Amino acid sequence: PLGQLNIVTDLQHEALARLASGGSSSPGVHETVLGAIYQHVASKPDSEAVRYDGRSYTYEEILTDARAIADTLVAHGVGQGARVLLLSHQSPVAVSAVLAASMVGAAYVPLDFEAPAARLSSIVQGAAAAALLVGTDAYGAQARELVGDSIPIIDLQAVTNAPHTGMGWTPQTLPTPDDTAYVIFTSGSTGAPKGVVVGQRALLHFSRELAVIFNMVSDDRVLAFARPSFDVSVLEVLVPLYVGAAICIATVEQRRDPEILADFIRDERVSVAELPPVLMPQLSGDFPDLRIVSVGGEPFPGSLVGEWARNGREFWNGYGATETTVGVTFMRCEGQWSTTPPIGRPLPGLHAYVLDTHDQLLPPTAIGELCIAGPSLADGYLEAPSLTANSFHFAPAVGERIYKTGDLARWRPDGNLDFYGRNDRQVQVNGFRVEPSDIEQVLSTMRCVEQIRVEFLEHHALGRCLIAFIVPVAGGAETDVAALRQEAANRLPEYAVPRRFVLLSQIPITPNGKVDRSALGRLLVRLD
Ligand code: ADP
């Protein structure tokens, strides 16, 4: 078959092998991230681990709380191989809860407290967890609604405020490198969220290599901005704790207002921050202590580099997916960029390949699917063997297990990768990953909908946003747009609710039978 023909010459093979490799990984002394954290608390228990709402928490305090939570988990029979749900905003007890799950060999499954109930209950069902940890009693009612009496609900504040039986922190067990560290649910094209299973080995690899390229050390103060349900929170919380640094967690109020956030970054002398590109232009003033700023998750305007990479400050573009443990390729950007800068090279120990649709290597000049290999790959999707086999499998052409990212990329002559968007319909809406087919699936269950197509298009007043084009069932004059919007709001995260609902008599089709996206775009212009 043509697809199995090797079209890469021997010389190109050699060049590709050089490009693919991120080099050898750094030697590490620990088998897990928690192992490294135990050592920090043993050697410097009083050093600052977390700053939150004007208060400091030492390593010893965070670990003592983690120990109390771990004891409670054990008392409820939660142990190795189990999963525990975490419903909380980012906070000191949420950090302790994540460590506690590891201490008992369990995986944490963060729930986005702002997600609609239907999405959350689908995640809860899929996770089959042994307990639900709630950050404060403010989440109590939501928690009860989600799990009823099926599993214990553990109030983290109550557990950590209760007098501890032991005095201070004593080490508990360590997870093995084969244990699952966390399961994060992302959007899935079937309409049901899929749980990405990330192991302790992958977590350690990412933490160690990121710490090396960012030169993150115990003096650093790292901003924690993301919610625990997004894997960027791993970069913001577990990597700093791994190196013994301090985490500066922004409260809900501090996150909401860019001016307050800017003051927080300055006042807390934050030295490392991963920031959402949309927010960056709104952060005014200077940040003398900020030595590393990183962005990722979506393409961003190249002009940000010139504005932020100043006075010795490093600016990094990090590329990755939940399935590859936060980030896999990184690029330190300098100078002036009028377009989005490249996504860089793989971290040490990882491999990046540009493959065709038959998983064959492409010559270095070709655009193809970016595929990743190495110890950072997730184990797969929870209880979804065929989905897992589709995206993660052994590729004979490169001789190892790859994750097919669904992203398009090409090698640049300088050895960095350029990003060319998705090869499927997945889009990033304000940094959130959205599969339009998810939304279509949800809305097509409404009786009034005959056909639906959701597109991410440029709207003259709203900018780029999700638009739902709907063909109502025959005699659909009564199609109730408000009801459609309500259904979407009930079942989808807020960022995935289409901004406009357009009713059509048919979805325009190109001559070769595909949905005519440009016709939909033109239609939108005519309508408004
Ligand atoms: P994460 O939470 O690690 O950002 P998600 O799993 O939510 O990852 O989304 C992954 C997708 O986001 C990637 O497959 C890619 O399409 C997009 N993406 C991630 N990083 C970048 C980047 N630096 N530039 C462009 N797109 C990116």
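Only a predicted model underlies this, so the values are computations on that prediction, with no experimental measurement involved.
- Across all their heavy atoms, P363 and Q12 have their closest contact at CB-NE2, 3.5 Å.
- Other residues, nucleotides and ligands contribute over 12 non-hydrogen atoms within 6.0 Å of the CD atom of E458.
- Proximity of a side-chain donor or acceptor of S391 to a complementary backbone N or O of T388 within less than 3.5 Å is not detected.
- In this structure, OG in S102 is found 9.0 Å from CG in L174, a value given to the nearest 0.5 Å.
- Checking side-chain atoms of K194 against main-chain N and O of A384 turns up no donor-acceptor pair under 3.5 Å.
- R401 places no side-chain N or O within 3.5 Å of a backbone atom of F392 that could act as its donor or acceptor partner.
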Evaluate side chain to side chain donor-acceptor pair (under 3.5 Å) for T405 paired with E369, printing each intermediate quantity in order. CA-CA 7 Å; T405 64; E369 183 172 9; 4.7 Å; no

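- Between F206 and V198 there is no side-chain heavy-atom pair separated by less than 4.5 Å.
- Between the side chain of H205 and the main chain of P348, a donor-acceptor pair closer than 3.5 Å is present.
- Rounding to the nearest 0.5 Å gives a distance of 12.0 Å between CG of L417 and CG of L408.
- Counting heavy-atom neighbours within 6.0 Å of E400 CD, excluding the residue itself, gives a total above 12.
- In this structure, H30 and Y242 have perpendicular ring planes: the angle between them is above 60°, well past the 30° mark.
- Inter-residue side-chain proximity for V234 and Y182 is flagged as met; some heavy-atom pair is nearer than 4.5 Å.
- Counting heavy atoms from C-beta outward, V295 and M280 have side chains that approach closer than 4.5 Å.
- Under a 3.5 Å cut-off, the side chain of Y108 and the backbone N or O of A100 do not form any donor-acceptor pair.
- Checking side-chain atoms of R221 against main-chain N and O of S271 turns up no donor-acceptor pair under 3.5 Å.
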Would Q80 and T173 count as a side-chain contact (heavy atoms from CB on, under 4.5 Å) here? Give the steps. CA-CA 10 Å; Q80 196 180 26; T173 52; over 6 Å; no

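- Using a 4.5 Å heavy-atom threshold, the side chains of P240 and E236 count as separate.
- The pair R412-D418 meets the salt-bridge criterion, since a charged nitrogen lies less than 4.0 angstrom from a carboxylate oxygen.
- Residues V98 and L238 approach most closely at CG1-CD2, 4.0 Å, considering heavy atoms.
- Annotation: R425, atom CZ; neighbour count of heavy atoms from other residues, nucleotides and ligands within 6.0 Å is above 12.
- With 3.5 Å as the limit, one finds a donor-acceptor pair spanning the side chains of E323 and Y381.
- At distances below 3.5 Å, not a single donor-acceptor pair connects side-chain atoms of E314 with backbone N or O atoms of R332.
- Heavy atoms only, all atoms of each residue included: I367 and V354 are closest at C-CG1, 4.2 Å.
- With hydrogens and angles disregarded, no donor-acceptor distance shorter than 3.5 Å links the side chain of R269 to the backbone of D289.
- When every heavy atom of S233 is checked against every heavy atom of A226, the shortest pair comes out as N-CB, 4.1 Å.
- Residues E307 and F315 form no side-chain contact, since every pair of their non-hydrogen atoms from C-beta on lies 4.5 Å or further apart.
- In this structure, W308 has its ring center under 6.0 Å from that of F287.
- In this structure, CZ in R119 is found 10.5 Å from CG in L111, a value given to the nearest 0.5 Å.
- A salt bridge links D286 with R313: at least one charged nitrogen is closer than 4.0 Å to a carboxylate oxygen.
- Between T357 and N423, the closest side-chain pair of non-hydrogen atoms is not below 4.5 Å.
- No side-chain donor-acceptor contact under 3.5 Å links H351 to the backbone of A373.
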Begin with the C-alpha distance, continue with both residues' side-chain angles, and end with the deciding distance and a verdict on side-chain contact (heavy atoms from CB on, under 4.5 Å) for Q200 and D178. CA-CA 6 Å; Q200 292 285 354; D178 294 325; over 6 Å; no

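- E31 CD: 12 or fewer foreign heavy atoms inside a 6.0 Å radius.
- Rounded to the nearest 0.5 Å, atoms CG (L387) and CG (L382) are 11.0 Å apart.
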Which is it for L261 and I265 under the side-chain contact (heavy atoms from CB on, under 4.5 Å) test, yes or no, and what are the steps along the way? CA-CA 6 Å; L261 181 69; I265 295 174; 4.2 Å; yes

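- Taking 4.5 Å as the limit, every side-chain heavy atom of R500 sits out of range of all side-chain heavy atoms of L457.
- When each of N416, L370, V328 is checked for a side chain to side chain contact (heavy atoms under 4.5 Å, CB included) with I343, only L370 meets the rule.
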How far apart are the C-alpha atoms of Y59 and L241, what are their side-chain angles, what is the distance that settles it, and do they pass the side-chain contact (heavy atoms from CB on, under 4.5 Å) test? CA-CA 9 Å; Y59 268 79; L241 292 183; 3.5 Å; yes

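- With hydrogens and angles ignored, the 3.5 Å screen pairs no side-chain donor or acceptor of Q360 with any backbone N or O of N6.
- Side-chain contact check for D220 versus F214: every heavy-atom pair is 4.5 Å or farther apart.
- In terms of heavy-atom proximity, Q428 sits nearest to G297 at NE2-O, 2.8 Å.
- The minimum heavy-atom distance between G349 and P375, with the atom names listed, is O-CD, 3.2 Å.
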